[in-house]
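Have a look at the structure below, then the notes.
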Amino acid sequence: MPGMDSNPYRVKIAPSILSADFARLGEQVAAAERGGADAIHVDVMDGRFVPNITIGPLVVEAVRRVTALPLHVHLMIEEPARYVQDFIGAGADMLVVHLEGNWTLHRLIESIREAGARPGLALNPSTSLSLVDEILPYVDLVLVMTVDPGFGGQKFIPTMYDKVRRLRQMALSLGLAELDVEVDGGVNATTARSLTEAGANVLVAGAAVFAAGRPVEEAIATLRAAATGLPAVDSTRDSD
C-alpha cells in the first residue's frame, strides 16, 4: 500500500540518555516511556576505549528504578568481561559489546547470555563486515556505529547506509531474519527513513529526542513518523 512502511520489521526507537539532562534524568526517561520508546539506550564509556567518560552501574540501577522499558547498555570500555555481572545486576536487559579489541568474543557473548541478559555486538564505522559472519548467529542485535564512538551529536557518516544494507543482507543469507540491526550516531528525522529502508529496525537517538527543543514524547513521535513514512501519532493521548 503506498505510504506504508517498506521495512518488514517493526521500527523500534531507543532514546540514548547520553543527550538527556542528567539533573532531570528520571523525568526524561519517564517521558520517553510515555512517548512510546521501545528501550532506553545507555552509553558507558571509560576514557580508554573511547575518548570520553560517562557513567557506570549506579546510573543504570537508577534508571532501572524509574522505567519498565528494556535497558540496552552499550559498553564502550576496555575489558568489558570484568563488568558483565555488575551491569546485569544493576538492571541491564542487553549488553552490547564491541568486536574491536575483544579477541575472546565468543566467550564474552556466552557469559552475557549465561548471566541472564541478551548479547549484542557493536561495530565501529571503519570495522569491516567481513569480520562478523562467524559471530552473528550468537548475538541478538548488531549495532552499527554511524559516527566514531565517544561523543553525542556528531554528523552521520553517509557510507553507513550501505553498510547497514549489507549487514541486513548478510543476516538474511545466514538465516538470521530475526536479528535486530541497530544504528547509533546522527539519527534524526533526516536520516531515519533511509536507515530503515536500508534494513535497520532499531534507531538509537539522543539529541533528536532529548535536545530537540520540543517535548520528548513529541520528538519520539516525529522520529518514528520519519522512520516509517507514516503520520505522527500522539502516543500520550488517551484512547476512547
Side-chain angles (χ1 to χ4, degrees), residues 12-20 22 25-30 32-33 37-50 52-124 127 132 134-145 149-150 152 171 176 178-185 201-206 209-210:
K12 304 172 188 176
I13 307 295
S16 168
I17 65 169
L18 186 62
S19 297
F22 271 61
L25 183 57
E27 175 187 333
Q28 293 206 313
V29 168
E33 184 167 4
D38 298 280
I40 298 297
H41 188 87
V42 182
D43 288 307
V44 177
M45 309 179 194
D46 63 359
R48 297 171 62 201
F49 187 79
V50 292
N52 195 8
I53 298 174
T54 55
I55 63 176
L58 288 177
V59 173
V60 173
E61 186 177 354
V63 174
R64 177 76 290 160
R65 290 197 299 268
V66 298
T67 183
L69 291 175
L71 299 185
H72 293 181
V73 177
H74 180 192
L75 297 180
M76 290 172 275
I77 61 176
E78 298 281 351
E79 301 182 88
R82 295 178 55 191
Y83 303 98
V84 166
Q85 294 289 346
D86 291 336
F87 281 102
I88 294 176
D93 298 283
M94 171 175 281
L95 289 186
V96 181
V97 296
H98 274 259
L99 180 146
E100 301 86 10
N102 288 310
W103 307 119
T104 55
L105 192 56
H106 281 87
R107 186 185 306 161
L108 176 57
I109 294 298
E110 185 178 65
S111 71
I112 293 170
R113 201 177 293 282
E114 288 178 349
R118 299 173 62 211
L121 179 68
L123 307 174
N124 285 343
T127 298
V132 307
E134 299 292 347
I135 195 67
L136 281 188
Y138 299 93
V139 298
D140 294 347
L141 171 148
V142 176
L143 167 55
V144 177
M145 293 299 301
L176 303 172
E178 300 303 313
L179 182 75
D180 281 330
V181 174
E182 183 175 60
V183 288
D184 184 2
N201 68 301
V202 186
L203 305 181
V204 176
V209 170
F210 292 116

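All values below come from the heavy atoms of this structure, side chains included, with hydrogens, waters and symmetry mates left out. Just so it is clear, the structure is predicted and the values come from calculations on it, not from any experiment.
Remark: Phe22 pairs with no residue by the ring-ring contact (aromatic ring centres under 6.0 Å, His included) rule, at least two apart or across chains.
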Where do Val73 and Leu95 land on the side chain to side chain contact (heavy atoms under 4.5 Å, CB included) test, with the steps shown first?
CA-CA 5 Å; Val73 177; Leu95 289 186; 3.7 Å; yes
One pair to check against side chain to side chain contact (heavy atoms under 4.5 Å, CB included): Asn52 and Asp43. What are the steps and the verdict?
CA-CA 11 Å; Asn52 195 8; Asp43 288 307; over 6 Å; no
Check the pair Met145, Thr127 against side chain to side chain contact (heavy atoms under 4.5 Å, CB included), reporting the backbone distance first and the verdict last.
CA-CA 10 Å; Met145 293 299 301; Thr127 298; over 6 Å; no
Could you please spell out the steps behind the side chain to side chain contact (heavy atoms under 4.5 Å, CB included) verdict for Ile135 and His106?
CA-CA 7 Å; Ile135 195 67; His106 281 87; 3.5 Å; yes
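Closest heavy-atom contact between Ile88 and Ala117: CD1-CB, 3.5 Å. For the pair Asn124 and Pro149, the tightest heavy-atom approach, listed with the atom from each and the gap, is OD1-CG, 3.1 Å. In this structure, Phe49 and Glu100 approach most closely via the heavy-atom pair CE1-O, 3.5 Å. Minimum interatomic distance between Ala122 and His74 (heavy atoms only, all atoms of both residues): CB-NE2, 3.7 Å. Taking each heavy atom of Ile40 and Ala32 in turn, the nearest pair found is CD1-CB, 4.1 Å.
Atoms CG and CD, on Asp86 and Glu61 in that order, are 11.0 Å from each other to the nearest 0.5 Å. Taken to the nearest 0.5 Å, the CG atom of Leu105 stands 11.0 Å off from the CZ atom of Arg107. With values rounded to the nearest 0.5 angstrom, Leu123 atom CG is found 12.0 Å from Asp184 atom CG. Distance CD1/Ile112 to CZ/Arg118: 12.0 Å, rounded to 0.5 Å. Residue Glu182 holds its CD atom at 11.5 Å from CG of Leu121, rounded to the nearest 0.5 Å. Rounding to the nearest 0.5 Å gives a distance of 10.5 Å between CG of Leu75 and OH of Tyr83.
Counting only heavy atoms from C-beta outward, the side chains of Ile55 and Leu18 never approach each other to under 4.5 Å. Residues Pro119 and Val97 have side chains not in contact (no heavy-atom distance under 4.5 Å, counting atoms from C-beta outward). Residues Val84 and Leu108 have side chains in contact (heavy-atom distance under 4.5 Å, counting atoms from C-beta outward). The side-chain heavy atoms of Val50 and His98, taken from C-beta on, include no pair separated by under 4.5 Å. Within the 4.5 Å cutoff, the side chain of Asp180 has heavy atoms near those of the Lys12 side chain. Under the 4.5 Å side-chain criterion, counting only non-hydrogen atoms from C-beta, Ile77 is not in contact with Arg82. Using a 4.5 Å heavy-atom threshold, the side chains of Val181 and Val142 count as separate. In this structure, Pro15 and Ile13 have side chains that are in contact, with non-hydrogen atoms separated by less than 4.5 Å.
Judged purely by atom type and a 3.5 angstrom limit, Arg113 uses its side chain to pair as donor or acceptor with the backbone of Tyr138. Of the possible polar contacts, one joining the Arg64 side chain to the Thr67 backbone as a donor-acceptor pair under 3.5 Å is found.
Of the listed residues (Leu69, Leu25, Leu58), just one forms a side chain to side chain contact (heavy atoms under 4.5 Å, CB included) with Val63, and that residue is Leu25. For the side chain to side chain contact (heavy atoms under 4.5 Å, CB included) test with Leu143, the passing option among Met94, His72, His41 is His41; the others fail.
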